**Q** 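Shown below is the structure under consideration.
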Amino acid sequence: MEINMLELNSQLKCLTKAGDLRSARNLFDRLPHRDEISWTTMISGYVNASDSSEALSLFSKMWVAPCVRMDPFILSLALKACGLSVDVKFGEMLHGYSVKTGLVSSVFVGSAMLDMYMKNGRVFDGCRFFDDMPLRNVVSWTAIITGLVRAGFNSQGLSYFAKMWRDGVDYDSYTFAIALKACADLEILNYGKEIHARTMKKGVDTTSYVANSLATMYNKCGKLEYGLRLFGNMSKPDVVSWTSIITTHVQRGQEQQGIDSFLRMRECDVCPNEYTYAAVISGIANIARLDWGQQLHAHVLQVGLAGSLSVANSLMTMYSKCGNSNSASIIFHEMTVRDVISWSTIIAGYSQGGCGEEAFELLSWMRREGPKPTEFALSSVLSVCGSMAILDHGRQIHAYALTVGLDQTAMIRSALINMYSKCGSIAEAEKSFSMSENDDIVSWTAMINGYAEHGYSQEAIGLFEKICHVGLRPDSVTFIGVLSACSHVGLLDLGFHYFDSMTNEYRINPSKEHYGCMIDLLCRAGRLREAENMIRSMPFERDDVVWSSLLRASREHGDVECGRIAAEHLLQLDPDCAGTHITLANIYASTGKWREAADVRKLMKSKGVIKEPGWSWIKVKDQVSAFVSGDKSHTQAEDIYNILELLASKEELTIQDLASILYVSEG
DNA sequence: AGTTGACGAG
């Protein structure tokens with residue numbers, strides 16, 4: 001009998017290890033006799049396959065089976081199953097049973113119990129249980145640290161990590177991995193480096209989990225090149241390593257390299273998973289390559305990963321960034337499970353796509369039925385309020401952010417400053433800015449840009465000069481603000497001083513936008529030749545914005561030659577642009593070159609170019625009205641034009657004047 | 001012949 005059981009149990013083990021649970025179960029069910037080891041092997045097969053319901057149902061059968069004694073092996077497996085299925089009720093029952101039988105003192109049972117509470121989100125119960133454990137090993141310590149870190153209590157996790165050392169328990173690769181994740185989430189590079197040194201001392205720094213965690217830590221702390229170098233030392237990067245490589249490239253703005261890495265990983269026969277697809281799809285989103293995005297969408301549908309949260313979320317981002325809000329919306333509505341990221345993503349997509357109303361609708365739907373909005377969703381709708389200039393809505397969102405305690409997050413603060421200044425209330429923007437801590441360059445940038453847009457150039461420049469005194473560093477966007485402020489008041493020398501300091505002092509490569517500010521500055525000063533030279537020396541391919549600046553300036557300064565050159569470049573990029581034709585014609589006309597002007601008009605006609613009139617809109621009494629230049633379709637059109645004429649004729653009209661005119665016209 | 005803990009997503 002003894003020999004027979006040994007033989008059968010090994011067979012059972014072979015089958016579960018190979019993942020053939022059906023044959024294993026077949027053999028198990030036909031066994032003439034089942035001992036503790038048979039039960040353990042079978043249950044562990046289900047637990048390893050994450051089939052917690054089958055594991056627990058088998059456990060209940062064993063509970064009532066005769067001649068089987070409960071032991072720590074089976075109990076820890078059952079607890080693990082409770083952690084997997086998030087079944088805290090059954091877990092608590094097992095806790096009571098373990099205390100009654102004394103099995104709770106087994107370090108295996110204890111560690112599994114602790115992990116069960118942590119996985120069920122009962123962090124406090126887990127910690128209390130850990131403090132009462134009679135015996136703890138490296139697994140128990142790692143379990144408590146993991147639970148804390150996963151719940152976002154990173155510092156508490158690290159304090160257990162330090163306590164563990166003082167208790168004389170040695171770290172292993174599991175412990176290092178989770179401690180490094182805590183450092184990554186807290187972005188504390190120095191402690192991360194210290195742990196890196198310890199992993200090297202132990203000789204585990206090149207093992208998959210540790211190397212991946214180290215790379216993540218360096219990436220999150222902004223040391224991207226360091227993180228990438230670590231992968232070079234790995235003998236065989238696994239799927240997580242490849243995913244991190246792709247993510248790092250995408251974060252650095254090297255999308256093409258990210259996509260290349262994705263292709264290289266497939267050549268190395270590493271199979272991508274949901275996180276890998278999410279990473280490469282976000283890369284594709286950044287460069288707005290709809291065709292590649294659609295290919296990957298089809299591909300994830302084929303491999304059955306389209307339903308995964310991270311994949312669906314990144315697909316929504318991709319479609320939104322490609323200007324396809326409709327496809328993003330279809331994905332969102334078809335999702336059976338949505339997390340807070342899904343909601344924030346679709347709201348941001350609508351906001352950036354100019355679908356302000358849909359963004360508001362989604363936010364109220366989220367507030368009714370979804371998770372609590374975070375700063376991501378709120379800052380998106382604040383930007384909608386700014387671009388649509390609806391101050392009342394903006395104030396309401398501000399009030400909501402206050403009540404949920406998000407108003408002092410950096411993201412909301414800068415979004416509020418932007419919203420208020422875009423809505424024309426620079427005073428409220430200043431108030432939001434003055435209430436903020438001095439630790440956030442994004443808010444400073446928003447305020448500088450707000451001042452610049454409102455023509456308060458001196459204030460913008462003054463604020464920029466203060467940045468260094470509070471220990472901050474201007475970034476690329478900050479420079480756009482201060483350069484456009486210089487451009488508005490024509491401070492040519494100061495503008496060039498800041499522009500040069502970008503590369504010399506701050507090591508920031510000027511982007512198209514920075515060049516645009518400088519070219520504007522030169523144009524306003526009438527230095528059209530220098531502007532043209534600067535455009536030609538720019539290290540960028542498509543530069544229609546700057547050529548049209550030059551074209552407009554040529555019109556103002558009556559420079560036919562410059563205007564012709566600028567228009568030529570613009571028409572190469574967009575041959576049917578009505579504005580370019582008209583401005584060029586006006587330049588010729590204003591300098592008396594009537595024949596050339598007429599030629600341009602004829603050219604327009606032959607190409608069939610039609611000038612679309614510009615639209616504007618205004619909100620009056622909760623109703624948005626659109627109007628267009630020359631429009632006479634409004635029922636009170638005559639009154640409107642009368643008032644317009646009065647406004648144009650009189651230098652200064654008071655609000656009282658306007659009110660009396662309106663009163664008269666409304667009868 | 002059997003048991004516990006880890007890294008990657010907006």
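Numbers restart at 1 for each chain; the letters A, B, ... are given by sequence-line order, proteins then strands. None of the values given here were measured: they were computed from a predicted structure.
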**Q** Using a 4.5 Å cut-off on heavy atoms from C-beta on, say whether the side chain of A:Val104 contacts that of A:Tyr97.
**A**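 No, side chains not in contact.
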
**Q** Touch check for A:Thr142, heavy atoms < 4.0 angstrom, all strands: base, sugar-phosphate only, or nothing?
**A**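 Base: the residue A:Thr142, judged by heavy atoms under 4.0 Å, touches a nucleobase.
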
**Q** Please set out all donor-acceptor pairs under 3.5 angstrom arising from side-chain atoms of residues 115-129 of chain A, sequence neighbours excluded.
**A**
unit_1   : atom_1 : unit_2   : atom_2 : d
A:Asp115 : OD2    : A:Lys119 : NZ     : 2.6
A:Tyr117 : OH     : A:His95  : ND1    : 2.8
A:Asn120 : ND2    : A:Met116 : O      : 2.7
A:Arg122 : NE     : A:Asp125 : OD2    : 2.6
A:Arg122 : NH2    : A:Glu92  : OE2    : 2.5
A:Arg122 : NH2    : A:Asp125 : OD2    : 3.1
A:Asp125 : OD1    : A:Arg128 : NH2    : 3.2

**Q** Report yes if at least one side-chain N or O of A:Lys13 is closer than 4.0 Å to OP1 or OP2 of B:dA1; otherwise report no.
**A**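 Answer is no, no contact under 4.0 Å.
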
**Q** Reckon A:Glu36 touches a base, only the sugar-phosphate, or nothing at all at heavy-atom distances under 4.0 Å?
**A**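 Base contact - A:Glu36 has a heavy atom under 4.0 Å of at least one base atom.
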
**Q** Mind checking A:Asp172 for me? I need base, sugar-phosphate or nothing, with any heavy atom below 4.0 Å counting as a touch.
**A**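 If one applies the 4.0 Å heavy-atom cut-off, A:Asp172 turns out to touch a base.
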
**Q** Quick one: do the A:Asn190 and A:Glu194 side chains pair a donor with an acceptor below 3.5 Å?
**A**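 Note: A:Asn190 and A:Glu194 side chains miss the donor-acceptor criterion.
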
**Q** Answer with base, sugar-phosphate or nothing: what part of the nucleic acid does A:Ser308 contact at a heavy-atom distance below 4.0 Å?
**A**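 Counting heavy atoms under 4.0 Å across all strands, no contact is made by A:Ser308.
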
**Q** Within the 4.0 Å heavy-atom criterion, would you say A:Ser38 contacts the bases, only the backbone, or no part of the nucleic acid?
**A**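 It contacts nothing in the nucleic acid.
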
**Q** Report the residues that fulfil side-chain contact (heavy atoms from CB on, under 4.5 Å) with A:Met200, sequence neighbours left out, ordered by chain and then residue number.
**A**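 A:Met200 satisfies side-chain contact (heavy atoms from CB on, under 4.5 Å) with A:His196, A:Asp205 only.
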
**Q** For residues 39-46 of chain A, dump all side-chain donor-acceptor pairs below 3.5 Å to protein atoms at least two apart in sequence or in another chain.
**A**
unit_1  : atom_1 : unit_2  : atom_2 : d
A:Thr40 : OG1    : A:Glu36 : O      : 2.6
A:Thr41 : OG1    : A:Ile37 : O      : 2.7
A:Tyr46 : OH     : A:Arg25 : NH1    : 3.1

**Q** Using the ring-ring contact (aromatic ring centres under 6.0 Å, His included) rule, collect all pairs that involve residues 320-341 of chain A, keeping only residues at least two apart or in two chains.
**A**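 ring-ring contact (aromatic ring centres under 6.0 Å, His included) check on residues 320-341 of chain A returns A:Phe332-A:Trp343, A:Phe332-A:Trp365, A:His333-A:Trp365.
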
**Q** Can you sort out which residues in residues 178-191 of chain A have a heavy atom within less than 4.0 Å of DNA chain B? Ascending by number, please.
**A**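 Contacts with DNA chain B under 4.0 Å: A:Ile178, A:Lys181.
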
**Q** Of the residues in residues 146-154 of chain A, which ones touch DNA chain B at a heavy-atom distance under 4.0 Å?
**A**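 Within this stretch, A:Thr146, A:Arg150 sit under 4.0 Å of the strand.
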
**Q** Will you find, in the side chains of A:Thr248 and A:Asn219, an N or O donor that is under 3.5 Å from an N or O acceptor?
**A**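 On atom types as modelled, these side chains qualify, holding a pair under 3.5 Å.
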
**Q** Output yes when A:Arg229 and A:Glu225 qualify as a salt bridge under the 4.0 Å nitrogen-oxygen rule, no when they do not.
**A**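 Salt bridge absent between A:Arg229 and A:Glu225.
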
**Q** If you look at every strand shown and take non-hydrogen atoms under 4.0 Å, does A:Val210 touch a base, only sugar-phosphate, or nothing?
**A**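 Since no nucleic acid heavy atom lies under 4.0 Å of A:Val210, the category is nothing.
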
**Q** Considering only heavy atoms, which members of residues 101-116 of chain A lie under 4.0 Å from some atom of DNA chain B?
**A**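 DNA chain B contact set from residues 101-116 of chain A: A:Val107, A:Phe108, A:Ser111, A:Asp115.
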
**Q** Name every donor-acceptor pair, under 3.5 Å, that has one atom in a side chain of residues 152-160 of chain A and the other anywhere in the protein, sequence neighbours excluded.
**A**
unit_1   : atom_1 : unit_2   : atom_2 : d
A:Ser159 : OG     : A:Gln156 : O      : 3.2

**Q** Measuring to OP1 and OP2 of B:dG2, would you say a side-chain N or O of A:Lys17 lies under 4.0 angstrom away?
**A**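 No, A:Lys17 has no side-chain N/O under 4.0 Å of OP1/OP2 on B:dG2.
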
**Q** Among residues 50-76 of chain A, which residues get a heavy atom nearer than 4.0 Å to DNA chain B?
**A**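 Those residues are A:Asp71, A:Pro72, A:Phe73, A:Ser76.
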
**Q** Considering just the side-chain nitrogens and oxygens of A:Ser282, establish if one lies under 4.0 Å of OP1 or OP2 belonging to B:dG10.
**A**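 Yes.
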
**Q** Suppose we screen for salt bridge (Lys or Arg N to Asp or Glu O under 4.0 Å). Which residues come up paired with A:Glu361, at least two apart in sequence or across chains?
**A**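 Testing A:Glu361 for salt bridge (Lys or Arg N to Asp or Glu O under 4.0 Å), a comparison that skips the adjacent residues, returns none.
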
**Q** Remember a base hit wins even if backbone is also touched, and classify A:Val138 as base, sugar-phosphate or nothing at under 4.0 Å, heavy atoms.
**A**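 Answer is base: heavy atoms of A:Val138 come under 4.0 Å of a base.
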
**Q** Using salt bridge (Lys or Arg N to Asp or Glu O under 4.0 Å) as the criterion, list what pairs up with A:Lys80, not counting sequence neighbours.
**A**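 With sequence neighbours excluded, A:Lys80 shows a salt bridge (Lys or Arg N to Asp or Glu O under 4.0 Å) to no residue whatsoever.
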
**Q** Would you please determine if the base of B:dA9 is stacked by A:Tyr275, with stacking meaning a centroid separation under 5.5 angstrom and planes under 30 degrees?
**A**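 Here A:Tyr275 fails the 5.5 Å or the 30° condition.
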
**Q** Enumerate, atom names and distances included, each donor-acceptor pair closer than 3.5 Å involving a side-chain atom of residues 70-77 of chain A, sequence neighbours excluded.
**A**
unit_1  : atom_1 : unit_2  : atom_2 : d
A:Asp71 : OD1    : A:Phe73 : N      : 3.1
A:Asp71 : OD1    : A:Ile74 : N      : 3.1
A:Ser76 : OG     : A:Pro72 : O      : 2.5
A:Ser76 : OG     : A:Phe73 : O      : 3.2

**Q** Within the 4.0 Å heavy-atom criterion, would you say A:Ser344 contacts the bases, only the backbone, or no part of the nucleic acid?
**A**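 Answer is base: heavy atoms of A:Ser344 come under 4.0 Å of a base.
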
**Q** For A:Ser140 and A:Asn137, which I'm curious about, is there any donor-acceptor pair between the side chains at under 3.5 Å?
**A**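 A donor-acceptor contact under 3.5 Å links the two side chains.
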
**Q** A:Asp172 side chain to A:Thr175 main-chain N or O, any donor-acceptor pair under 3.5 Å?
**A**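 Here the side-chain-to-backbone pair exists.
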
**Q** Counting side-chain heavy atoms from C-beta on, which of B:dG10, B:dC7, B:dA6 comes nearest to A:Ser173?
**A**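 Minimum distance to the A:Ser173 side chain belongs to B:dA6.
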
**Q** Any N or O donor-acceptor pair linking the side chain of A:Thr40 to the base of B:dG2 at under 3.5 Å?
**A**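 Yes, the side chain and the base share a sub-3.5 Å donor-acceptor pair.
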
**Q** Counting side-chain heavy atoms from C-beta on, which of B:dA1, B:dT3, B:dG10 comes nearest to A:Leu77?
**A**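 Nearest listed nucleotide: B:dT3.
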
